Amino acid sequence: MFRSALKLLKVAPGDDKETLHRAYVRFVRRYPPEYFPEKFTKIQDAYHELTLADRIIEKILKDLKNDRNALTLVSYLSADHIDFTVEGSQLDNLLQLVASQQHSGKSKIVLDKLNLSNAQYRKGPNNF
Amino acid sequence: MTDKIYGIDLGTTNSCLATLEDIPRVIPIDGNGIVPSVVSFDGSEILVGRRALNRSLAFPEQSVRSIKRLMGSGETVKIGEKSYKPEEISAMILGYLRDESKKLEGIEVKRVVITVPAYFSEAQRRATLTAGELAGLKVERIINEPTAAALFYDLIKVSTHDGTAAAKDSRYSVVYDLGGGTFDVSVLRMGDITEVMSSTGDTHLGGDDFDLCLAKYLLERMGLPNSDEFLRHRPSMARLISIAEKAKIELSTRGTTLVEETMIPGPKRSDYSISETIIQGQFEEMTKDLIDKSLILTEKAINEAGLQPTDIDQVLLVGGMTRMPIISRKLADIFGDAQLPTVDPDLSVANGAAVQGGIITGENVEKILVDVTSHTLSLMANDYNVAKCIPIIPRNTPIPATRSHLFYSGIPNQKMGLLAVFQGESDLPKDNEFIGSTPFYLNSVNNLSRIEVEFSYDSNGMIHLVAEQKGQKRKIAIDLDSRNPYSDAGTITGWSDLPGSGRKLFDDFFDDDDDDDDEDLEKRNSPVADFDEDEDDASESSPEADLQLNFVLKRAYNLLASLEDSQEKATLTDLTKRYKAAILEDSDDLDNLEDELLNFIENKE
C-alpha cells in the first residue's frame, strides 16, 4: 500500500510534506474529481496514506506540548481509526522518543521506532 | 448546448439565485436579489419573498418563516386547516426564484446547484433535494455553503489579480459562516486547487437565536419575564421577534438603539408597549453564549485540520450575522494578523454555487474543489454483544471517497447479517442518524466468515455499499441513495423496524430453515452486482468530443481557437489528441506528453 502510494504520486520515501502536497495537487489538477472520480479517490487515498504518519506524529507532539496525558494520545490515535494499543513500558518509550524529536522530517524515524508498520495500520476486526 | 446551471442559496432568512457570466452575478429579484425566505398564504394566493415578509407581520399565523430549521425533521407546519412539509414550503421559495428570474431577465432556470450548511445531515440534504425536485428543478449538486463562499472569493480574487493565474503559494483560510439559522466553520487550503481540510458547525445556531435572546430581554423589560404564554402566542412573538430583529440590525452599525413600540399584541390584551434603549455591549453580553459556541467550534475546526490559529492567513466572514462588530473583534483576537477580506456576506454563497455550476458544465474546469464529509459514515456491528457503529468513512474525508473494513460473522454457519448504515459521531446507533439498511445472506460455512464491507460516497451524495463474503463469492452491491434512501422499500427499513439492540439483534437472523439453495440465495441478495471497476471508467472515457477534462485540455482548446498559423495548429491538435488519449488510457507516456503540451502552450500563449 505504502509503496503503491509512492508510485502513484511519483514521490520518494522521505519526501517532505510540501513535496507530497505538490505532487497531490499536480495529480488532482490532472484528474479533477468531477471527471475522474475513481482516479481521484486513488490519488486521495495515496496522499492520505503517505501523510498519515506525519499527521499522527504532529498530533502527538502537539499533545506533548500541551502537556496532555497519555490517554489523550491513545484516543487521538484511535480517532484516526488506527488500531494502536500502547502498553506501559512501550508508552514510556514512545513518549520519550517523540519528545526527543524536534518534529520536521524526522517523523519517519520516530515511526520506525514506534514500529507502526503497515500491518499495524490495519484496523482490527469487529464481529458482524 | 447544455442548459446553464444556476446557483441557489436557500437560506434560513434570505435566498438568492445567481448566474455565472464572466463572474457570477445575483439576479436582482425583489429589488436587490436578497429574497426573504418567507411564504405567506392569502386565501388561495401564495406570496413569497418581500411581499410575504411584509404580510407576515400582520398575519403571522398565515405565514411561514425560517422553514430551513425544520428541513429533514419530519415536522410539518400548519396553516389554517392544511399541513405543509418543510420541503413543500422550500419548493415554493425555489419556484418563486425561478419564476421571478424568468420575469425579470427572461432566464429559464432548469438546472441548479443548491447550497446547504456544511453541517447538514443526510436527511436535511435529502429534504433540500426533494424541495428542488418539487419545484421542478434538476438539482445537479448539493454543495456546502462555506465552500461555495470560498470558491466565489477565490474566483473574484483571482480575476482581480491578473486574470490568469492565482498566486502560487497556498493559503489557509477559515470560512466563518453565521447565517440566519445555521453556523458553519470550514478550514480550507487554497492555491491551485481549493481543498476543504475540516468542517464543522451547528445546524441550530444563527440569527434567529440572537433575535430570540433580545426578544426575551424585551419581554423582561415589559414586566413579563419568562412568559411562556407570550412566547407561545404566535402573533405576540412574531411582532416581538420583528422588533428584536430590527434592533439587532441597528446595533450592528450603532452603539445604541432606541426600541419604542406600542400596540404589541399579547395573548390576552393587545396594548403592550415598550420604550427601551439598548446598548451594543448589552446585546453582546446577552448573546455571549451563542458567540462563544461559534468560537469553540472554530477552534475545533482548526484543530481538526491539524493547524494552529497562527497558521491561518485569512478569515472569510459569511452570513448576515457576521455584521455584528463583536464577531470581527473576537476573530481578530484569535487570529491576530490574519486578514479579514471584504466579501459580501449575503451574496457570496449563491455566487459560489453558480461557480460550482460552471465547474459541472465544464466552463470552470480549472477550478477544482475538494470538499469533505461533515459526518462519519458507519456500519452497525455487534461489538461484544453491544450494537456499535463502526466508522467506515470518517468525518473530514475528501469526497468522492471509498473505504472498506473487514468484519467477521458472529457465529459459524451464520446465515445472514444486517448491513445498517448510520451517520454521526457516536459509537452508539441510537445517538446517530439512521440512513438505511439491507440484509446480507451468507453462504453457510463452518468457520467464522470474513465479510468485507466497502462504502463509497460520491459527489452527488450517493452512498454505495458493497459487501463480500470472502472466499465464497457472495456479494451484494447496493446504492443507499442519500437523496432518496427509501426508494428500495423492499430492503430498507427504518431504525424502529430493526430488532432490539445487543445480542438479540443477531439472534433473529439465525433461522432454522436449512433448505436455501445457492440460487435462492443469489436471488435474495439481489440486486447483486459484481462491481465492475471499469463501469465508471466507461463513463469517464466517453466524454463529448471537445470536453475539457482538466486545465491542460482547457488551455489547449483555448489556444487552438486563437492560433492562426496552420502548422502550429496542426501540431497542437495532434498533441492534444495524443494527450487526451493518453489520459483516458492511463498511458505511461502521459507525463511526457503533459510536459510537452504545457510547454507548447506556454510558448504560444
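Numbered from 1 within each chain, the chains take letters A, B, ... in sequence-line order. These numbers were taken from a predicted model, which means no experiment stands behind them.
- At a 4.5 Å heavy-atom cutoff, the contact between B/I360 and chain A is made by backbone and side-chain atoms alike.
- Taking 4.5 Å as the limit, every side-chain heavy atom of B/N550 sits out of range of all side-chain heavy atoms of A/R29.
- What you find for B/I399 and A/F40 is that their closest heavy atoms are O-CE2, 3.6 Å.
- B/D595 CG: more than 12 foreign heavy atoms inside a 6.0 Å radius.
- Between B/Y457 and A/T41 the shortest side-chain heavy-atom distance does not fall below 4.5 Å.
- Across all their heavy atoms, A/P32 and B/L549 have their closest contact at CG-O, 3.2 Å.
- If you measure heavy-atom distances from B/R450 to chain A, you find no contacts under 4.5 Å at all.
- Rounded to the nearest 0.5 Å, atoms CD1 (B/I368) and OH (A/Y35) are 10.5 Å apart.
- Using a 4.5 Å cut-off between heavy atoms, B/I359 contacts chain A through both its backbone and its side chain.
- Both the backbone and the side chain of B/T402 come within contact range of chain A, judged by heavy atoms closer than 4.5 Å.
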What's the verdict on side-chain contact (heavy atoms from CB on, under 4.5 Å) for B/L369 and A/E34, showing C-alpha distance, side-chain angles and the deciding distance? CA-CA 9 Å; B/L369 168 64; A/E34 205 64 52; over 6 Å; no
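- To the nearest 0.5 Å, the span separating CD1 on B/I583 from CZ on A/F36 amounts to 4.0 Å.
- A 4.5 Å side-chain heavy-atom check between A/H48 and B/T397 finds every atom pair outside the cut-off.
- Using a 4.5 Å cut-off between heavy atoms, B/Q356 touches chain A through its side chain atoms alone.
- Of all heavy-atom pairs between A/P33 and B/P400, the closest is CB-CD, 3.9 Å.
- Side-chain atoms of A/V28 and B/E195, non-hydrogen and from C-beta on, never get closer than 4.5 Å to each other.
- Counting heavy atoms from C-beta outward, A/R26 and B/D591 have side chains that approach closer than 4.5 Å.
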